[in-house]
Amino acid sequence: MEKVLRDGFIYMSQNKTLNSLAKKYGLRFGASRFVAGEDFKASVSTIRELNAKGLSVTVDHLGEFIKTVEEANTNRDEIIRAIEIMAEEQLDAYMSLKLTSLGFDISDELIEDNMRQILTVAQRVGVFVAIDMEDEQRCEKTLELFKKLKAEFDGLGTVIQSYLYRSEDDINHLAPLKPNLRIVKGAYKEPATVAFPEKEDVDHNYVKLVKLHLANGNYASIATHDDHMIDAVIEHVKENNIPLDQFEFQMLYGIRVERQLELVRQGYKVRVYVPYGRDWYGYFMRRLAERPANVAFVLKGMVKK
């Protein structure tokens with residue numbers, strides 16, 4: 001049953017008609033539990049509250065399904081302004097972004113130009129930027145662009161997904177760049193030809209990839225809410241005397257809040273992934289797909305409305 005729900009939510013996350021309706025009606029039916037606001041200024045107070053609790057933040061400007069150069073450039077300008085505000089307000093935060101929201105599927109020239117504009121500002125004001133990973137068919141091109149830009153801009157990271165067979169090789173190939181990698185399980189529906197179909201294998205590969213990346217001496221952003229994964233990482237770093245400043249845990253805004261604070265109390269760095277923007281629908285559906293128990297919050301939201 002859980003797999004059916006997961007597949008259903010992933011399918012809905014890719015529905016452009018439902019995405020348009022979501023934009024029209026705004027953050028309703030529980031989405032505000034996972035999305036900080038429809039613009040960055042509305043999210044600043046949330047970031048400050050998290051920082052005050054000892055939690056770092058990565059901000060994600062949500063944007064999917066763009067079709068035009070104008071939309072890509074509008075998203076670029078929004079991201080640049082958000083980065084400037086982070087620096088002006090001295091927030092403990094960095095920017096995460098999706099290449100498809102910036103013209104990745106339109107042209108190579110457009111995405112490279114938009115990324116260079118963003119990274120030039122980010123480098124000037126001292127804000128780190130992470131490139132989110134999307135579906136597998138875009139993985140190779142994403143990593144190639146990351147390597148190209150990383151040679152020019154040091155404050156750049158990206159994401160590795162443990163459900164993909166290729167990820168171990170990707171970590172090894174990227175290792176010489178000394179990258180800051182966020183390691184996630186993956187939230188897109190992929191065929192068994194490219195991804196592990198069984199959760200047990202995804203989990204096993206997750207811990208393996210974290211250990212490999214740390215062994216390479218590089219910074220790991222360990223993005224999981226799974227206590228088994230968290231405990232395995234803590235045990236590994238203690239046994240191998242890995243310094244606390246070589247890794248951090250990352251969790252999503254609105255999910256396992258008490259666990260986030262518990263890790264902070266234990267002395268670990270925790271960063272909360274805080275999304276904002278009008279294009280919240282696809283992100284919200286993938287959160288429901290990852291953990292169908294979150295549907296309860298949606299139903300509560302519908303009743304309240």
Side-chain angles (χ1 to χ4, degrees), residues 10 13-14 16 19 40 58-83 86 93-123 127-161 163-164 166-167 170-171 173-174 177 179-190 194-195 221 223 250 252 273-286:
I10 290 176
S13 76
Q14 299 165 343
K16 297 181 180 181
N19 185 60
F40 186 69
T58 178
V59 176
D60 178 18
H61 175 244
L62 300 172
E64 301 182 52
F65 307 124
I66 72 158
K67 296 179 181 178
T68 68
V69 172
E70 290 73 23
E71 288 176 301
N73 291 344
T74 296
N75 285 339
R76 175 203 65 206
D77 293 343
E78 165 62 31
I79 289 170
I80 287 173
R81 184 59 190 140
I83 288 171
M86 284 182 210
Y94 71 63
M95 175 61 71
S96 292
L97 53 79
K98 286 183 171 56
L99 295 179
T100 52
S101 74
L102 296 164
F104 191 64
D105 294 340
I106 296 175
S107 78
D108 293 346
E109 181 180 5
L110 176 63
I111 187 59
E112 287 191 28
D113 180 63
N114 279 343
M115 283 300 299
R116 283 196 173 88
Q117 289 190 54
I118 290 168
L119 291 169
T120 296
V121 173
Q123 182 169 271
V127 172
F128 184 82
V129 174
I131 298 174
D132 285 343
M133 190 60 68
E134 300 180 66
D135 54 351
E136 189 276 337
Q137 66 178 349
R138 295 179 174 90
C139 183
E140 180 66 26
K141 187 177 174 183
T142 296
L143 292 179
E144 288 304 312
L145 180 59
F146 168 73
K147 287 186 283 188
K148 186 174 185 178
L149 293 171
K150 177 68 172 167
E152 303 173 40
F153 302 94
D154 187 56
L156 179 66
T158 191
V159 175
I160 294 294
Q161 299 165 318
Y163 69 174
L164 296 181
R166 60 173 292 160
S167 292
D170 287 336
I171 285 182
H173 291 151
L174 292 172
L177 299 178
N180 177 331
L181 296 179
R182 180 190 305 144
I183 301 175
V184 304
K185 291 184 181 181
Y188 293 84
K189 184 173 174 57
E190 302 289 1
V194 300
S221 298
Q250 293 192 358
L252 299 172
Y273 188 96
V274 177
Y276 78 96
R278 294 184 66 238
D279 253 331
W280 54 268
Y281 173 77
Y283 173 87
F284 181 44
M285 288 297 108
R286 286 193 293 277

Tell me, do [X] and [Y] make a side-chain contact under 4.5 Å, heavy atoms counted?
{"X": "Met133", "Y": "Asp170", "result": "no"}
{"X": "His173", "Y": "Leu143", "result": "no"}
{"X": "Val194", "Y": "Arg166", "result": "no"}
{"X": "Ile131", "Y": "Leu97", "result": "yes"}
{"X": "Met86", "Y": "Val59", "result": "yes"}
{"X": "Tyr273", "Y": "Asp132", "result": "yes"}
{"X": "Thr58", "Y": "Arg182", "result": "yes"}
{"X": "Ile79", "Y": "Val121", "result": "no"}

Is a donor from one side chain sitting under 3.5 angstrom from an acceptor on the other, for [X] and [Y]?
{"X": "Glu134", "Y": "Thr100", "answer": "yes"}
{"X": "Glu71", "Y": "Asn75", "answer": "no"}
{"X": "Tyr94", "Y": "Asn180", "answer": "no"}

Measure the spacing between [atom1] of [X] and [atom2] of [Y] and express it to the nearest 0.5 Å.
{"X": "Ile66", "Y": "Leu102", "atom1": "CD1", "atom2": "CG", "result": "7.0 Å"}
{"X": "Asp108", "Y": "Asp113", "atom1": "CG", "atom2": "CG", "result": "12.5 Å"}
{"X": "Gln161", "Y": "Tyr188", "atom1": "CD", "atom2": "OH", "result": "7.5 Å"}
{"X": "Ile160", "Y": "Ser221", "atom1": "CD1", "atom2": "OG", "result": "12.0 Å"}
{"X": "Thr142", "Y": "Lys147", "atom1": "OG1", "atom2": "NZ", "result": "11.5 Å"}
{"X": "Glu140", "Y": "Glu144", "atom1": "CD", "atom2": "CD", "result": "5.0 Å"}

Glu112/Arg116 ion pair, N-O < 4.0 Å: yes
Please answer whether the main-chain N or O of Asp60 pairs with a side-chain N or O of Ser96 as donor and acceptor at a distance below 3.5 Å. no
Under the 3.5 angstrom rule, does the side chain of Glu190 hit a backbone N or O of Glu136 as a donor-acceptor pair? yes
Quick one: closest heavy-atom pair of [X] and [Y], and the distance?
{"X": "Phe146", "Y": "Pro179", "result": "CZ-CB, 4.0 Å"}
{"X": "Leu164", "Y": "Cys139", "result": "CD1-SG, 4.3 Å"}
{"X": "Gly103", "Y": "Ala72", "result": "N-CB, 3.7 Å"}

Please list, chain by chain and in numerical order, all residues satisfying ring-ring contact (aromatic ring centres under 6.0 Å, His included) with Tyr276, sequence neighbours excluded. Phe40, His61
Is it the case that over 12 heavy atoms from other parts of the model lie below 6.0 angstrom from the CG atom of Asp77? yes
Step by step, would you call Thr158 with Lys150 a side chain to side chain contact (heavy atoms under 4.5 Å, CB included)? CA-CA 10 Å; Thr158 191; Lys150 177 68 172 167; over 6 Å; no
The single option from Lys98, Arg138, Lys141 passing salt bridge (charged side-chain N to carboxylate O under 4.0 Å, His left out) against Asp105: Arg138
